[in-house]
Amino acid sequence: MPELPEVETVRLGLQRLLPKRRIQAVDFDTPKSFPNAPSDVREFLVSATIMQVRRRAKVLMIDLSSEYSLVIHLKMTGQLVFRGAESFGAGHPNDSLIGELPDKSTRITLTFKDGSKLFFNDQRKFGWMRLLPTIEIPNIDFMQRVGPEPLSADFTAEIFINRIMRRKNTSIKAAILDQTVLAGVGNIYADESLFAAGIHPASLVRDIPKSKLKTLHTEIIAVLTLSIEKGGSTDRNYVNVEGKRGSYIDFAKVFRRESLPCPVCKHDIIKIKVAGRGTHVCTTCQKLYKGKSA
DNA sequence: CACTTGACCTGTCCGC
DNA sequence: TGCGGACAGGTCAAGT
C-alpha cells in the first residue's frame with residue numbers, strides 16, 4: 001500500500017514537523033517492530049535531535065544528531081502519525097482518520113522533549129523501524145540491490161529498458177514490481193502505469209516492443225508524479241502524518257475499479273491475478289503481447 | 001541463475 | 001447471527 005508517492009508524502013510531512021525536535025523516550029510493543037538493543041536505544045536514540053528526513057525507494061530515514069538514523073519500512077499497513085503536545089488531553093484533531101493514540105495497532109511511540117509524539121502504527125506488523133549508524137545505511141542489503149529512483153533526472157528510458165530486460169522472461173507487471181529493476185512501484189502504480197501505456201500486465205517483457213517500453217517509462221513517471229501531487233492513494237490503511245487520506249485513488253483509471261466501465265472505452269474493467277497479485281486491466285485498451293505469432 | 005510461490009500478520013468481507 | 005476461508009500486498013526465504 002504505501003508505495004513511493006505515499007512514502008514521499010509521509011517524508012514531506014515529517015521533514016516539515018520533526019527537525020530540531022529532541023527525543024525524550026521511545027516505547028514499543030514487540031522486538032520485531034523495533035529490534036534494537038536497549039543499550040543502543042539509550043545511547044544513540046534517547047536525547048538525540050532530529051536533523052532531517054530522507055527517503056530511498058519505499059524506505060524512510062530519520063537522521064539523528066547521534067550520527068545514527070531511524071530506518072523505517074511501512075510495508076502494507078504501516079502509518080506514521082504526528083501529534084503535537086496541544087493535541088493531547090483536549091482530544092485528537094477532528095479531521096484525522098485516526099482516533100486517540102496510542103491505539104491497539106500502535107507498535108512504537110517516540111516522545112519528544114516538547115511533549116509532541118510520533119506514533120508508528122501497523123495493523124499487520126509487517127513494518128519495522130531500526131536504529132542504524134547513518135553511514136552504514138548504504139551498505140545494507142536492500143540499499144545495495146535496489147534499483148534507480150524513477151523520479152530522478154537521470155532515470156532515462158534507456159536505463160529503464162536495459163534494467164527491465166534483466167527480467168525479460170517474466171511478466172511486465174512482475175518486472176516493474178521488482179525493486180531491483182526500479183524503486184518504488186507497487187501494486188497500485190503498476191496497474192495504473194500499465195493501463196496508461198496500453199500494455200496488458202501479463203505480457204512477457206521480451207515480447208513488448210521497445211517503443212512501448214519507452215511509453216511505459218514515461219507513464220510510470222507521470223503516474224508517480226501525479227500521485228505525489230494528490231498526497232498518495234488511500235485505499236485502505238494509508239494516511240499521512242496528520243492522519244489524513246490521499247486522494248489519488250479518485251483519479252485511478254483501473255485500480256480497484258473491477259466491473260466498472262473503463263474511462264476510455266467504456267468496456268468493463270476486469271480483475272485477474274498476475275505475478276501473484278490482484279491485477280486490474282481493461283482488455284480492450286491494454287494489449288497482450290505474446291511471442292512472434294499473430 | 002531466473003523465476004515463482006509461500007510466509008509473515010490482522011482485519012474485513014463473502015458465502016453458507 | 002456465527003464461522004470458515006479467501007483476500008489484501010511489500011519483501012525475503014525457500015522452492016522449482
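Naming: A, B, ... by sequence-line order, numbering from 1 per chain.
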Please report the distance, rounded to the nearest Å, between [atom1] in [X] and [atom2] in [N].
X: A:Ile188; N: C:dG9; atom1: CD1; atom2: P; result: 8 Å
X: A:Met76; N: B:dC8; atom1: CE; atom2: P; result: 13 Å
X: A:His73; N: C:dG9; atom1: NE2; atom2: P; result: 15 Å
X: A:Lys104; N: B:dT10; atom1: NZ; atom2: C1'; result: 9 Å
X: A:Glu192; N: C:dG9; atom1: CD; atom2: C1'; result: 16 Å
X: A:Met143; N: C:dT11; atom1: CE; atom2: P; result: 11 Å
X: A:Lys75; N: C:dC12; atom1: NZ; atom2: C1'; result: 7 Å
X: A:Glu258; N: B:dC13; atom1: CD; atom2: P; result: 14 Å

*Residue closer to the 5' end of DNA chain C, A:Gly278 versus A:Asp141 (nearest nucleotide)*: A:Gly278
_Nearest-nucleotide comparison on DNA chain C, the residue closer to the 5′ end among A:Gln123 and A:Arg145_ = A:Gln123
OP1 or OP2 of [N] less than 4.0 angstrom from a side-chain nitrogen or oxygen of [X], does that happen here?
X: A:Gln179; N: C:dT11; value: yes
X: A:Arg277; N: B:dG6; value: no
X: A:Asn169; N: B:dC3; value: yes

Hey, does [X] reach any base, or is it just sugar-phosphate, or nothing, if we go heavy atoms under 4.0 Å?
X: A:Arg107; answer: nothing
X: A:Gly276; answer: nothing
X: A:Phe255; answer: sugar-phosphate

_Are more than 12 heavy atoms, taken from residues, nucleotides or ligands other than A:Lys212, located less than 6.0 Å from that residue's NZ atom?_
yes
_Can you confirm whether A:Lys230 sits close enough to A:Thr9 that some side-chain heavy atom of one is under 4.5 Å from a side-chain heavy atom of the other?_
no
*asked:* Any non-hydrogen side-chain atom of A:Lys210 less than 4.5 Å from a side-chain atom of A:Ile161?
replied: yes
*A:Asp122/A:Lys75 salt bridge by N-O under 4.0 Å criterion*: no
Looking only at atom [atom1], what distance separates [N] and [M], rounded to whole Å?
N: B:dC3; M: C:dG9; atom1: P; value: 23 Å
N: C:dG10; M: B:dC13; atom1: C1'; value: 22 Å
N: B:dT12; M: C:dT11; atom1: C1'; value: 23 Å

*Taking for each residue the nucleotide of DNA chain B with the nearest heavy atom, is it A:Arg166 or A:Lys125 whose nucleotide lies nearer the 5' end?*
A:Arg166
Of the nucleotides [options], which has the atom closest to the [X] side chain?
X: A:Thr170; options: B:dT4, C:dA8, C:dT11; result: B:dT4
X: A:Phe126; options: C:dA8, C:dC12, C:dG10; result: C:dG10
X: A:Lys32; options: B:dT4, C:dA8, B:dC9; result: B:dC9

*Please evaluate the base of C:dA8 for a donor-acceptor partner in the side chain of A:Arg124 within a cut-off of under 3.5 Å?*
yes
*Using both distances under 3.5 Å as the test, list the Watson-Crick or G-U wobble partner of C:dA13, or none.*
B:dT5
*Could you state the interatomic distance from OH (A:Tyr248) to CD (A:Glu6), rounded to the nearest 0.5 Å?*
10.0 Å
*Starting from the C-alpha separation in whole Å, work towards a yes-or-no answer on salt bridge (charged side-chain N to carboxylate O under 4.0 Å, His left out) for A:Glu3 and A:Lys58.*
CA-CA 6 Å; A:Glu3 306 178 29; A:Lys58 301 171 189 171; 5.6 Å; no
